[in-house]
2 protein chains.
Amino acid sequence: MARGDRRPTLETVAARSGVSRATVSRVINDQPVAPSSRRAVERAIAEVGYVPNQAARSLVTHRTGLIALVLPESSTRVFSDDQFFPRLIQGVSQELDDEDEQLVLMLAGSEASRDRIERSAVAGRVDGVMLASLHGTDPLSAALAKSGIPVVSNERVLGPVEVPSVGVDNRGGARTAVEHLISSGRRRIATITGPQDMIAGMDRLDGYLDAVGGSQEPVVAAGDFTRVSGEAAMKRLLDEDPGIDAVFAASDLMAEGALHVLRQNGSRVPDDVALVGFDDITRARYTEPRLTTVSQPIDGIGRHLASQLLRLIAGEPVEPAITLTTELVVREST
Amino acid sequence: MARGDRRPTLETVAARSGVSRATVSRVINDQPVAPSSRRAVERAIAEVGYVPNQAARSLVTHRTGLIALVLPESSTRVFSDDQFFPRLIQGVSQELDDEDEQLVLMLAGSEASRDRIERSAVAGRVDGVMLASLHGTDPLSAALAKSGIPVVSNERVLGPVEVPSVGVDNRGGARTAVEHLISSGRRRIATITGPQDMIAGMDRLDGYLDAVGGSQEPVVAAGDFTRVSGEAAMKRLLDEDPGIDAVFAASDLMAEGALHVLRQNGSRVPDDVALVGFDDITRARYTEPRLTTVSQPIDGIGRHLASQLLRLIAGEPVEPAITLTTELVVREST
DNA sequence: CTGAAAGCGCTTACAG
DNA sequence: CTGAAAGCGCTTACAG
């Protein structure tokens, strides 16, 4: 940077290269400019180390170059060793990498931070918002949608507002998993559910119910996707119904918790009890025995979320809902 | 929002409440205003749903209310199931929660994204930057420091620039871990190292070397903190030196990988080989056997990083380096 | 292709 | 306590 305290501005560059500020601006924004002017401006920019002031730019363009991924979760789950969020972010990043948009992650655990984020978005601090892992009829989606800022969500949004969404076939995946248990001869299949205020939790339970259908009474224990909830649920199942010969857990983490309890209980997996998870986190290949699970393309969700949002920001039409497919990965636990 | 397409501005509120824009501004910024004016303004704000335009604000205040946490990592590690980053973020969030600053996470995996982030920061898009998990003499720290934007880093920064840092006593923690192995009778102790271009990797190796000292020849296998590198390193150790009776892995993930290989090899832990990790990730309590490890206060690092940066932004003096202590947690693997 | 000028929506001395 | 006015640093019609 040249001497002096102040950062150089358009004015600095214009003076130094002998053109008007408008011409400098055109060079920066890749608009038609005479080659000689362009060269002079580019040299001046390099010499003084000019970087455009983003606030000034945003003020007139109404664009910030920032896209927010908002996770309305208490830190408990975002920061559990669930791999959902990291993989989602990875997918989003891939899609954004070629764009001129910078991904910005915002955590909305507390009420205060939710307010702050809502105001941030409405204040035009970001060009658009991706919502992930909504619970129930989260007011955030409605508030943002109403404000007119582009919003997309993973999983369909409960409530009155229309927000374009990207999800996976939770119900079909769960059904396939349980059908696999049935077809391998299991007759007393329990499920450990995810939270029933989330689409993923609700749909995976529905898939289980679809599959067991008339063949047996449903055996259901509630969980919340975390490992500890899986442990607690498995203990309850063992107490209440020792005849269980298979468990479908709605997340791999819960399956891992269940596995832990089964081992302590002296039950062999899969000999005594078969076990299927959902997610296919990395660690599913490292449990003993390795976990059969329903693989979902989390990075694909991220990519689609980002591309849908970019379209929305560009004013292009988007599909109201995209559903990606899941795949049963059979390993050793069934 | 009132009818019309445009979002309301200060002007809108001023007109509606019968005061000047300056007075509205003062109300918004909690400056002295006559109670009656304040009431009128607040009512008008509520009625029209006014939210200040952040870009306009930043342009004059030179503050954005955004603080960046920059992770100069390929997604490989940030998104491994290492728990370092999530816990760091958690700590940072705690500290920032009461401030009027919004945390924004930026991933600098690719060269392109590093450039974008550097320009973002310099363009004044954020008030300050926290750097985490630097490798080698990362040019990003120098570039940011030179630009004059407030920067802090976790672990001390290699290279010519002075960046205030917050780290843990990696060396002391590693030394304690290995001394624990020695004092429990182990005589042939190997280490699986972290990357040697990172402070944490280098210092933990030094701690190991401190402890084994003259009592035995060092037995060193290189890793990079990931589980797969731990597996590979353990295989090499087993091949080259079957007499090993203990391993200090510089991360829990590598310890987990090592454990996997030891089990496949038929080695009992801790009977045949004792194993210590570093980090104390949640999962260290779920391995079979549960893992003895060096616990480090990752959320504490996050909190201190944030508070140091806030001081820097406020123009207050900060300590050049803060070092937090670690603690050996003895479980079943030793 | 280029420049002068207006304007984006705020904050902040400066007077009063 | 309050208002008129300048200014933050850009972009963008509008003329030429």
Side-chain angles (χ1 to χ4, degrees), chain A residues 1-2 4-42 44-45 48-66 100 119-120 122-125 127, chain B residues 1-2 4-42 44-45 48-66 100 119-120 122-125 127:
Chain A
M1 209 180 301
D5 304 320
R6 313 187 63 74
R7 280 181 40 205
T9 68
L10 256 200
E11 185 66 52
T12 320
V13 176
R16 193 175 186 107
S17 53
V19 299
S20 71
R21 291 179 348 211
T23 297
V24 177
S25 175
R26 288 184 187 110
V27 171
I28 290 166
N29 294 293
D30 270 321
Q31 284 162 25
V33 164
S36 60
S37 301
R38 180 177 297 277
R39 271 194 302 278
V41 169
E42 280 168 349
I45 287 176
V48 302
Y50 171 70
V51 180
N53 176 307
Q54 186 56 43
R57 241 172 163 171
S58 296
L59 184 54
V60 24
T61 60
H62 296 292
R63 285 286 290 270
T64 64
L66 257 29
D100 221 30
R119 297 178 71 85
S120 272
V122 177
R125 235 203 281 248
D127 294 333
Chain B
M1 211 180 300
D5 305 319
R6 315 188 60 75
R7 280 181 41 205
T9 69
L10 257 199
E11 185 66 53
T12 321
V13 176
R16 192 175 186 106
S17 52
V19 300
S20 71
R21 291 180 349 213
T23 297
V24 178
S25 175
R26 289 183 187 111
V27 170
I28 290 166
N29 294 294
D30 270 322
Q31 285 163 25
V33 164
S36 62
S37 302
R38 180 176 299 276
R39 270 195 301 278
V41 169
E42 281 169 348
I45 287 176
V48 302
Y50 171 69
V51 180
N53 177 308
Q54 186 56 44
R57 239 173 164 171
S58 296
L59 183 54
V60 25
T61 60
H62 296 290
R63 285 287 292 269
T64 64
L66 256 30
D100 221 29
R119 297 178 70 84
S120 270
V122 177
R125 235 203 281 248
D127 294 332

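Owing to the predicted nature of the structure, the values given are computational and were not obtained by experimental measurement. Each chain gets a letter, A, B and so on, in the order the sequences are listed, and its residues count up from 1.
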Search all heavy atoms of [X] against all heavy atoms of [Y] and return the closest pair with its distance.
{"X": "A:L66", "Y": "A:R125", "value": "CD2-O, 3.7 Å"}
{"X": "B:R38", "Y": "B:Q31", "value": "NH2-O, 2.9 Å"}
{"X": "A:S37", "Y": "A:V33", "value": "CB-CG1, 3.6 Å"}
{"X": "A:S20", "Y": "A:A14", "value": "C-CB, 3.8 Å"}

### Whichever of B:R26 and A:R38 has its nearest DNA chain C nucleotide further upstream toward 5'
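Nearest nucleotide further toward 5': that of A:R38.
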#### Entry: Earlier contact from the 5' end, DNA chain C, for A:S37 and A:R21
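First, find each residue's nearest nucleotide; the 5'-ward one identifies A:S37.
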### Nucleotides bounding contact with chain B, strand DNA chain D, heavy-atom threshold 4.0 Å
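So the outermost contacting nucleotides come out as D:dC1 to D:dG9.
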#### Entry: Heavy-atom donor-acceptor pair, A:R7 side chain to A:V51 backbone, under 3.5 Å
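Indeed, once roles are kept as given, a pair shorter than 3.5 Å links the two residues.
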#### Entry: Nearest-nucleotide comparison on DNA chain D, the residue closer to the 5′ end among B:A22 and A:E11
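Whichever sits nearer the 5' end wins; that is B:A22.
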### Task
Only one of B:V19, B:V41, B:V27 passes side-chain contact (heavy atoms from CB on, under 4.5 Å) with B:V13; say which it is.
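For B:V13, the side-chain contact (heavy atoms from CB on, under 4.5 Å) test succeeds with only one of B:V19, B:V41, B:V27, which is B:V41.
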### Message
Taking only the C1' atom of each, what is the distance from C:dG16 to C:dT12 in whole angstrom?
### Response
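Pairwise C1' distance, C:dG16 against C:dT12, rounds to 16 Å.
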### Query
Nearest 0.5 Å, what's the OG-CG distance between A:S58 and B:L59?
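These two atoms lie 10.0 Å from each other.
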#### Entry: Separation between CZ of B:R57 and CG of B:L10, rounded to the nearest 0.5 Å
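It is 9.0 Å, given to the nearest 0.5 Å.
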### Message
Take N1-N3 plus N6-O4 or O6-N4 for Watson-Crick, N1-O2 plus O6-N3 for G-U, both under 3.5 Å. Which runs of 3 or more such pairs involve DNA chain D?
### Response
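Stem segments, range with range: C:1-3 with D:14-16, C:5-12 with D:5-12, C:14-16 with D:1-3.
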### Message
What's A:S58 touching, base or sugar-phosphate or nothing? Going by heavy atoms closer than 4.0 Å.
### Response
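No contact.
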### Task
Would you classify A:A34 as touching base, sugar-phosphate or nothing, given that sugar-phosphate means primed atoms plus P, OP1 and OP2, and contacts are heavy atoms under 4.0 Å?
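Answer is sugar-phosphate: A:A34 comes under 4.0 Å of backbone atoms only.
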